[in-house]
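Side-chain atoms are counted along with the backbone in the values below, which use heavy atoms only and exclude waters and symmetry mates. Lettering follows sequence order; numbering is per chain, from 1.
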Amino acid sequence: MQQNYSPKDIEAAVQQQWEAAQTFRAADTSDKPKYYCLSMFPYPSGKLHMGHVRNYTIGDVLSRYHHMKGYNVMQPMGWDAFGLPAENAAMANNVPPAAWTYSNIEYMKQQLKSLGLGVDWSREVTTCKPDYYRWEQWLFTKLFKKGVIYKKTATVNWDPVDNTVLANEQVIDGRGWRSGVQVEKREIPMYFFRITQYADELLQDLDGLSGWPEQVKTMQANWIGKSYGVRFAFPYELDGKQDKLWVYTTRADTIMGVTFVAVAAEHPLATHAAKTNPALAAFIEECKHGGVAEADIATMEKKGMPTDIMVTHPLTGEQVPVWVGNYVLMSYGEGAVMAVPAHDERDFGFAKKYCLPIKQSIAVKGQEFSDAAWQEWYGDKENGVCVNSGKYDGLNHAQAVDAIAADLNAKGLGEKKVQFRLRDWGISRQRYWGCPIPIIHCPSCGDVSVPDDQLPVKLPENVVPDGAGSPLAKMPEFYECTCPQCGGKARRETDTMDTFVESSWYYARYASPQCDTGMVDKVAAQKWLPVDQYIGGIEHAILHLLYARFFHKLMRDEGLVQGNEPFKNLLTQGMVVAPTFYRDLEGGKKLWINPADVDVEVDAKARPVGAKLKSDGLPVVIGGTEKMSKSKNNGVDPQAIIDEYGADTARLFMMFAAPPDQQLEWSDAGVEGSFRFLKRVWNFGAFIQQIKKANPQCDEDIQKAAGIYGKHIMGSPSHYPKVARREIHLILRQANYDLTKQQFNTVVSAAMKLLNTIGELPPHGKEHFEIILEGVSILLRLLSPITPHIAQTLWKELGYGDNILAASWPQVDESALEQDEIELVIQVNGKLRGSLRVAKDADKATIEQSALAHEAVQKHLNGAAAKKVVVVPGRLVNVVA
RNA sequence: GCCGGGAUGGCGGAAUUGGUAGACGCGCUGGACUCAAAAUCCAGUUUCUGAAAGGAAGUGGGGGUUCGAUUCCCCCUCCCGGCACCA
């Protein structure tokens, strides 16, 4: 065993042992219970970032912990390989996305291996390879025939200069990122997954996901947004024809307060009115400008313009004006809304702006209705009752909705309706680097899905896109084809699928990654699914996780998988953040400087007072602490950390710096602290080995061997063996408890305390030495999932066994925890005033008496009698003066 | 704007879920070792007050419940994630 801790040597050696022994091959047949541990697979962007390191370390810790607990663990890895960045890189470097992607995968795979992850690489999955996406195409054709996939138009961001559809990310302040020109909304045909058909099930099944964080379930439930309301119509006559304008509302009780109706710019009524109204036509044109992102639409200034169309209020018969509003979305609900300024915040603002009438129809007892008071109770569902509402006066929310829905129903103008906020999932993308949609457009047969025997529809891999629409649409050799039904000339669909489709089912593919007879091997899927533990960033809380849950249900309904949910337990990890530094440049721009190139100056109390660039010694501005990103140049390259300190240090720091679900702040000093701890572990191991080389059966030899080192490694001989052993097992108990909570930062704390404790017990003789050996064996096993290389090396070197992964997980010896006397805290009026030692089984009366007799209590009572004494067994006594 | 989180010493964080606030680590200060530095080890380190013993304040801000609140309730501020074509 080397005297000095050299992670480079031991990590490479241990990784070779694992590889040679195929330690992490997951057995399809095993007597042990299975544990499928899945981390969200990476997008192969080029190199690993800290977020990856954090994600995969958490997964590896859980995998190794369960391995040692006796589970048959499967931890697979793969590549979410289709996506927009590959096209951007292709354009920048003139390399086909395929070549760029494959070379990134090659490099990142080496990086993942150097982290020492216990991954079963024989199950690797790459989504841009035909053997993967062919099954996605196969499922598409099944669902298309079933009607779960259908075609309709949808609104996209259109760049009128580059003539291309833009992703929301490519729209900056309403302008195309390359052209700089204002983007427009455009309607194009797309294929949709009918996810709304599963809305109720997706909502209800959240209740069964006890292993998911509440916040994620709440977000998903709100996203699905089930609401109970009323769909009803305003009849109208236009050009001599009778028609109805439909709206949906959850506040039918306010229907008597309607003073106008607002429709989307794309609504047929708006289009009709604009024909004879140039100003309105111009406004509608203006509404087309800007992106489609909901956040932009929700925060933009609410604007509107009247049409000359009037519709009839379904209950009062009054004439109500129709306005066009830029905040009404055609794609949501009916594309039209009733407006009740008195009882809706947005309508109120709109009515004030355009001087539209405000008609109160709800009142809250004891409260005056006025503009000033308005915000307090305008929409009060709980306490409000109808007023100025004729026959509905005095009814509360629920009663009024019932009565109004019944009356609308009787007139044939409406009914109660459950509605979801969730919209169907549009998956067509006008991009090259994605999975081709397996549809053929035939002039006589229409849209025909590609037959099984013609799958996969392969994506050509040698193409460099040019940023002006999909290159596939310019490749006759790709799109020219014959109709599978009539054999006539036809055109292949050139759109590709949303990359969320690939990531919605990869977890199932890992069960049988090489299966070439189906999407999954049903037996293997049944064995491994559901995923026992899924780990990934909180940013995926809604979209990815909802789509994957939806896909699981689709696959279930195809008979491919069993069970209703794909992920039993979910851990959402926080982001990795770092400080930012910059200098102001001309034109308001900023030059972002990497933290590694900056020296921070601190005052006597270690508060940062300024920062200087290392290279020129001149000041830089200290920015905020933000998510590591290229744009803020505050990323720390994990490879540099691994090269300098080793994977174990990187992993240890990641686990120690913050609980897994919270944001993690990068700190160079913290990394050094982690490294220091591992050095101390190593040095202590070397020390123990020295003693063991003497005769460990003999007290004198142990003492002599300890003497060789001059002194024991740390601390003073302050501990009696019984106290030390109790401490060791108390620490272990805490660590085991924290592991069940998946709170790894305190598990690391426990390991540090453990080393401190055993380091303070000098090996003066056999009894002490045996406790130290027990403590070391617990320490190494606690560390093993987190820092596997050093733990394995010391485990073997110190003669505990050949393979620490085969060792059992340490158990608390309850008998070591027992003690005769316990210490109670004494409070007076809830404030700490002293402590009291009592027998562990002392009764309340005795404790009360001793507490009242306590010097500090006497002092604070100042001669008066205690009003009350609260005794919390095993914890404290509170005397109320 | 809507939905979901978060805020505790100079810093990252802990507090077994209503019972000793600040575990563990970083940083800083002092000391040992050294010709010196690094490394390592030892001691101290919430703030104010005090020579000390002690006392007081204190978990983003304001209110409330309780013998007792970082923890529960109400209101507010700031920061972060998501918002359907980034992944």
Rounded distance in Å between the C1' positions of U45(B) and G10(B)
11 Å

Could you work out the separation of A15(B) and C24(B) based on their C1' atoms and round it to a whole Å?
12 Å

Is the glycosidic torsion of U17(B) within 90° of 0, making it syn, or is it anti?
syn

Separation of the C1' atoms in A56(B) and G50(B), to the nearest angstrom
11 Å

Just checking Gln743(A): base, sugar-phosphate only, or nothing, at a heavy-atom cut-off of under 4.0 Å?
sugar-phosphate

Chi class for G22(B): syn within 90° of 0, otherwise anti:
anti

Parallel, tilted or perpendicular, judged at 30° and 60°: which one describes the rings of His544(A) and His540(A)?
perpendicular

Would you indicate, yes or no, if C2(B) has its OP1 or OP2 atom less than 4.0 angstrom from a side-chain nitrogen or oxygen of Asn222(A)?
no

Rounded to the Å, how far apart are Ile786(A) CD1 and G25(B) P?
15 Å

Rounded to whole angstrom units, what separation is found between the CZ atom of Phe687(A) and the C1' atom of U40(B)?
15 Å

Give me the ring orientation class for Tyr43(A) and Trp100(A): parallel if the planes are under 30° apart, tilted from 30 to 60°, perpendicular past 60°.
tilted

Identify whether any heavy atom of Ser667(A) sits under 4.0 Å from a base atom; if not, whether one sits that close to sugar-phosphate; answer base, sugar-phosphate or nothing.
nothing

If you assign each of Val825(A) and Ala298(A) to its closest nucleotide in RNA chain B, which residue comes earlier from the 5' end?
Ala298(A)

Looking at A14(B), I'd like to know if its phosphate oxygens (OP1 or OP2) sit under 4.0 Å from a side-chain N or O belonging to Asn745(A).
yes

Side-chain donor-acceptor pairs of residues 570-577 of chain A under 3.5 Å, sequence neighbours excluded:
| from | atom 1 | to | atom 2 | distance (Å) |
| --- | --- | --- | --- | --- |
| Gln573(A) | NE2 | Gly51(A) | O | 3.2 |

Can you classify the ring geometry of Phe193(A) versus Phe551(A) as parallel (below 30°), tilted (30 to 60°) or perpendicular (above 60°)?
tilted

Hunt down the Watson-Crick or G-U wobble partner of C24(B), both distances under 3.5 Å, from any strand shown, or write none.
G12(B)

For U46(B), which nucleotide in any strand shown is its Watson-Crick or wobble partner with both distances under 3.5 Å?
A57(B)

So, does Lys831(A) get its side chain near the phosphate of A57(B), meaning an N or O under 4.0 Å from OP1 or OP2?
yes

Interatomic distance where CZ belongs to Phe656(A) and P belongs to A14(B) [whole Å]
10 Å

Distance, P atom - from G62(B) to U8(B), rounded to whole angstrom:
16 Å

Check this one for me: any side-chain N or O of Lys217(A) less than 4.0 Å away from OP1 or OP2 of G5(B)?
no

Strictly below 4.0 Å, N to O, side chains only: are Glu294(A) and Arg421(A) in salt-bridge contact?
yes

Looking only at U20(B), G13(B), G1(B), the nucleotide nearest the Leu832(A) side chain is U20(B)

In whole angstrom, give me the gap between the P atoms of G81(B) and G13(B).
16 Å

What pair of heavy atoms forms the shortest contact from Ala851(A) to Leu836(A), and how long is it?
N-CD2, 3.9 Å

Re A36(B): Watson-Crick or G-U wobble partner, both distances kept under 3.5 Å, found to be none

Is there a side-chain contact between Val828(A) and Lys831(A) in this structure, where contact means two heavy atoms from C-beta onward sitting under 4.5 Å apart?
no

Of all the nucleotides listed (G4(B), U40(B), G25(B)), which has the minimum atom distance to the side chain of Met752(A)?
G25(B)

Report yes if at least one side-chain N or O of Arg676(A) is closer than 4.0 Å to OP1 or OP2 of G27(B); otherwise report no.
yes

Starting at the 5' end of RNA chain B, which residue's closest nucleotide do you reach first, Lys679(A) or Ala658(A)?
Ala658(A)

Name the closest nucleotide to the Tyr737(A) side chain, picking from C41(B), A21(B), U16(B).
U16(B)

Geometric class of the Tyr506(A)/Tyr534(A) ring pair [parallel <30°, tilted 30-60°, perpendicular >60°]:
tilted

For Phe675(A) and C26(B), what is the distance between atoms CZ and P respectively, to the nearest whole Å?
14 Å

Can you check the Leu546(A) CG to C3(B) P distance for me, whole Å?
18 Å

Does the structure show a Watson-Crick or G-U wobble partner for A7(B), both distances under 3.5 Å? Name it, or say none.
U77(B)

Within the distance-only criterion (no hydrogens, no angle test), does the side chain of Asp344(A) pair as donor or acceptor with the backbone N or O of Asp347(A) below 3.5 angstrom?
yes

Check the interface with nucleotides 66-70 of chain B: list each N/O to N/O pair with the protein under 3.5 Å, or write none.
| from | atom 1 | to | atom 2 | distance (Å) |
| --- | --- | --- | --- | --- |
| C67(B) | O2' | Asn878(A) | ND2 | 3.4 |
| C67(B) | O2 | Asn878(A) | ND2 | 2.5 |

Is any side-chain N of the basic residue among Glu301(A) and Lys353(A) closer than 4.0 Å to the acidic one's carboxylate O?
yes

Closest contact, heavy atoms only, Trp425(A) versus Ile195(A):
N-CG2, 3.9 Å

Using the rule given for side-chain contact (heavy atoms from CB on, under 4.5 Å), can you reason through Leu202(A) versus Arg549(A), listing the C-alpha separation, both sets of side-chain angles and the distance that settles it, and then say yes or no?
CA-CA 7 Å; Leu202(A) 286 165; Arg549(A) 292 181 58 223; 3.9 Å; yes

Nucleotide forming a Watson-Crick or wobble pair with G68(B), both distances under 3.5 Å:
none

Distance between P atoms of C80(B) and U65(B) (Å, rounded)
35 Å

Between atom OG of Ser835(A) and atom CD of Glu823(A), what is the distance when rounded to the nearest 0.5 Å?
4.0 Å

Mark up nucleotides 74-87 of chain B, 5' to 3', with B wherever a protein heavy atom is under 4.0 angstrom from a base atom, S wherever such an atom reaches only the sugar-phosphate, and - elsewhere.
------SBSBBBSB

Using atom P of each nucleotide, how far apart are C26(B) and G44(B) to the nearest Å?
15 Å

At under 4.0 Å between heavy atoms, what does His49(A) touch on the DNA or RNA strands: base, sugar-phosphate, or nothing?
nothing

Separation of atom CG in Asp661(A) from atom P in G13(B), rounded to whole Å:
11 Å

Mind checking Arg733(A) for me? I need base, sugar-phosphate or nothing, with any heavy atom below 4.0 Å counting as a touch.
nothing

Which whole number of Å gives the distance between the P atom of G61(B) and that of G9(B)?
9 Å

